[in-house]
Amino acid sequence: MNDRTRGTLKDGTHWPDLRAAQDFDCDGENPTTGCRCVLGYHNGYHRDSTGAEWLDD
């Protein structure tokens with residue numbers, strides 16, 4: 001496993017946490033698992049914390 005795989009760069013810093021740039025929460029919910037969308041305000045596919053994507057019906 002290399003440094004990038006672990007999230008640590010060679011200079012000892014870490015990759016930044018990614019989060020939605022918008023302040024508005026998405027009210028989407030995965031119809032299969034019930035998990036909430038983590039993208040914030042967006043168009044297109046929703047995504048939950050597991051990485052699963054879905055579209056509204």
Checklist line | Residues in side chain to side chain contact (heavy atoms under 4.5 Å, CB included) contact with D11, at least two apart in sequence or another chain | finding: L9, T13
Residues in side-chain hydrogen bond (donor to acceptor under 3.5 Å, both in side chains) with [X], at least two apart?
X: E53; value: R47
X: N43; value: none
X: T50; value: D48

Note to self: Listing request: all salt bridge (Lys or Arg N to Asp or Glu O under 4.0 Å) pairs with a residue in residues 29-41, at least two apart in sequence or in separate chains.
What the structure shows: E29-R36
Margin query: Suppose clustering is done on Ile, Leu, Val, Met, Phe, Trp and Tyr with side-chain heavy atoms closer than 4.5 Å. Which residues sit in the same group as L55?
Written below: Y45
Checklist line | P31 to W54 - nearest heavy-atom pair and separation | finding: CD-CD1, 3.5 Å
Checklist line | Heavy-atom closest pair, residues G40 and C26 | finding: O-CB, 3.2 Å
Checklist line | Side-chain heavy atoms of H46 within contact of N30, under 4.5 Å | finding: no
